[in-house]
Amino acid sequence: MNPYVKSVIDNAKSKFRNEPEFVQAVEEVLSSVSPLIDKHPEYEKVDLLNRIITPERMISFRVVWMDDAGNYHTNTGYRCQFNGALGPYKGGIRFQPNVYPGVIKFLAFEQCFKNALTGLPIGGGKGGADFNPVGKSDAEIMRFCQSFMTALYKYIGPEVDVPAGDLGVGGREIGYMFGQYRRLKGVWENGVLTGKGLSYGGSLIRPEATGYGAMYYLNEVLKHYGENIKGKTIAVSGYGNVAWGICKKAMHMGAKVVTISGPEGYVYDPEGVSSSEEKVNYLLKMRARGLDRIKDYSDNFGVKFFPNAKPWGEKVDIYMPAATQNEVDLESAKKIVQSGAKYYMEVSNMPTTNEALEYLKQHNIIIGPSKAVNAGGVGVSVMEMSQNSQKLVWTAEEVDTQLQRIMKNIYKTSVETAQEYGLGYDLVAGANLAGFKKIAQAMMEQGVF
Ligand code: 2IT
């Protein structure tokens with residue numbers, strides 16, 4: 001490994017030892033770009049690597065809200081504006097009790113490279129709060145979102161920073177946050193948030209975009225190996241918006257999603273969760289209940305439920321983890337290899353520990369990295385921003401055509417960039433190198449700061 005890269009990683013490991021997810025992301029990206037740093041000794045002089053792993057800004061704020069019984073609760077909110085060299089900061093907001101600076105920083109860091117890889121003019125950021133939306137009433141969610149936005153609104157804007165949804169933040173939460181932003185600023189700036197409802201500037205296909213994009217990317221990988229997606233079986237984890245989009249597109253493409261999972265286990269549906277509109281849409285119903293429970297699916301459709309287990313090890317052609325970070329550890333990776341599956345497409349952000357990733361790679365599993373595979377979501381968010389600034393509404397076909405173009409382009413750029421550095425067909429290194437290259441160039445041209 002390049003000595004400058006190594007020293008920056010070693011330093012990050014000790015400096016950020018209390019933020020293990022962030023260290024993991026830094027190590028993964030920087031070790032991939034080592035061959036590029038070999039070719040650019042000038043980067044060390046301007047300390048480019050330490051600059052690229054240091055957020056431009058990290059905002060943290062208090063969020064107080066009242067529950068339905070009249071009691072007050074205090075949470076912490078964050079917005080990490082990681083890198084703005086390519087455009088306004090862009091990235092989702094996550095509401096989950098495990099949110100702390102290490103989670104927000106890793107997500108924001110990954111987002112920078114993902115966004116760069118889309119080829120669109122956006123920087124990277126991420127936000128969230130350690131708030132647990134599970135079991136909260138609609139009124140409680142609204143009060144929390146309003147309080148969150150009251151603290152955040154002065155730091156964002158259509159040309160400054162454009163948040164969207166992530167875990168625990170969907171169309172409903174974006175609506176409440178947008179309403180509060182508009183009320184506070186007294187201005188119609190709907191380009192400040194993406195993932196909005198269609199009635200006030202949302203984009204068609206945005207809810208489906210991450211899942212659809214992942215399937216389009218998978219299709220490119222399969223084509224490379226001369227295989228057809230039709231008839232392929234897929235094990236998906238998670239059951240949220242992203243898993244829903246995967247199932248919907250799998251249905252169109254004739255592939256079969258046989259598993260979905262929740263925090264308390266997974267279900268195996270031999271006919272396919274993607275076998276009918278009713279089943280696919282049932283995922284939305286479960287999500288809307290706000291209980292974060294997957295067993296309802298097996299009760300409703302009479303299929304098997306596996307408590308406290310993950311679907312890794314099921315006999316399928318393709319794995320698509322789409323729940324959360326580090327859901328696939330070394331043990332899970334071993335099961336995946338044993339199952340005989342050939343393809344592993346990361347859909348959630350950083351679903352794989354670095355150890356597990358290395359194991360899968362050594363055992364010749366074809367890996368699609370999350371920052372490429374799930375980039376369709378943010379890609380369509382940028383289309384939403386374009387429609388808002390142009391005061392236009394695109395048709396579903398127009399959005400979908402652009403989404404397919406973006407995913408093909410991400411795939412092609414990744415393949416070509418890995419080849420350029422003599423790495424062969426390496427989609428992980430290719431994505432990291434391509435994203436990094438673009439940000440590094442823009443930072444070099446903008447001077448040292
Ligand atoms: O991880 C992600 O890319 C997102 N949560 C969506 C980001 C966005 O701005 O649409």
Side-chain angles (χ1 to χ4, degrees), residues 21 25 78-84 86-96 99 103-129 152 156-158 160-171 173-174 177-178 190-197 201-214 217 238 240-246 321-325 327 346-351 368-388 399 402-403 406-407 410 431 435:
E21 296 87 353
Y78 304 93
R79 186 72 184 168
C80 180
Q81 300 177 333
F82 214 110
N83 194 304
L86 299 179
Y89 309 104
K90 182 88 197 82
I93 289 174
R94 175 178 292 192
F95 291 164
Q96 215 176 29
V99 162
V103 163
I104 298 299
K105 276 173 65 185
F106 110 70
L107 288 165
F109 182 71
E110 288 282 293
Q111 196 81 41
C112 296
F113 302 99
K114 177 198 312 195
N115 293 3
L117 198 54
T118 63
L120 300 167
I122 37 170
K126 202 87 187 191
L152 182 65
I156 61 177
V160 180
D161 182 356
V162 183
D166 195 81
L167 303 183
V169 178
E173 290 74 18
I174 293 291
M177 286 195 260
F178 176 66
N190 64 352
V192 68
L193 290 168
T194 62
K196 298 183 293 294
S203 176
L204 288 162
I205 311 292
R206 177 64 190 90
E208 291 90 344
T210 309
Y212 278 19
Y217 184 97
N241 161 263
V242 176
W244 168 73
I246 291 173
T324 191
Q325 69 269 11
E327 49 177 318
E346 294 186 326
V347 194
S348 46
N349 290 309
M350 204 170 78
S370 57
K371 60 174 74 67
V373 179
N374 76 23
V378 74
V380 173
S381 275
V382 178
M383 294 182 218
E384 185 173 332
M385 291 161 71
S386 299
Q387 293 171 73
N388 296 156
V399 176
Q402 289 298 320
L403 172 60
I406 288 173
M407 296 315 297
I410 288 173

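All heavy atoms count here, side chains included; hydrogens, waters and symmetry mates do not. Note that ligands are numbered from 1 as they come in the structure, with each ligand's atoms numbered from 1 the same way.
Shortest non-hydrogen contact noted between Val242 and Ala322 is CG1-CB, 4.2 Å. Contact record, Val99 with Gly128: CG1-C, 4.2 Å, taken as the closest heavy-atom pair. Closest approach of Ile104 to Lys126, counting heavy atoms only: CG2-O, 3.5 Å. Shortest non-hydrogen contact noted between Asn83 and Cys112 is CB-SG, 3.6 Å.
Taking any N or O of Arg206, backbone or side chain, at least one lies under 3.5 Å from an N or O belonging to ligand 1. At a 3.5 angstrom cut-off on N or O pairs, Ala164 does not count as close to ligand 1.
In the candidate list Arg94, Lys114, Lys90, Glu384, Lys114 is nearest to atom 2 (C) of ligand 1, counting heavy atoms.
Residue Ser203 is tested with Lys196, Gln387, Glu384 for a side chain to side chain donor-acceptor pair (under 3.5 Å); the sole match is Gln387.
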Item to complete: Test side-chain contact (heavy atoms from CB on, under 4.5 Å) on Thr324 and Arg94 and set out the steps.
Response: CA-CA 11 Å; Thr324 191; Arg94 175 178 292 192; 4.0 Å; yes

Practice prompt. Check the pair Thr118 / Ile410 against side-chain contact (heavy atoms from CB on, under 4.5 Å), numbers first and verdict last.
Written response: CA-CA 6 Å; Thr118 63; Ile410 288 173; 4.3 Å; yes

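At a heavy-atom distance under 4.0 Å, no atom of Leu107 approaches ligand 1. At a heavy-atom distance under 4.0 Å, only side-chain atoms of Lys126, from C-beta outward, approach ligand 1.
No side-chain donor-acceptor contact under 3.5 Å links Glu110 and Asn349.
Nearest protein heavy-atom neighbour of atom 7 (C) of ligand 1: Gly92 N, 3.7 Å. Annotation: atom 10 (O) of ligand 1 to nearest protein heavy atom, Ser381 OG, 2.6 Å.
For ligand 1 and Gly165, the ligand atoms under 4.0 Å from any heavy atom of the residue are 4 (C), 5 (N), 6 (C). Near Gln111, the atoms of ligand 1 lying under 4.0 angstrom from a non-hydrogen atom of the residue are 1 (O), 2 (C), 3 (O), 7 (C). Remark: ligand 1 atoms within the under-4.0 Å shell around heavy atoms of Asn349 are 1 (O).
Look at Pro163 and you'll find every heavy atom at least 4.0 Å from all atoms of ligand 1.
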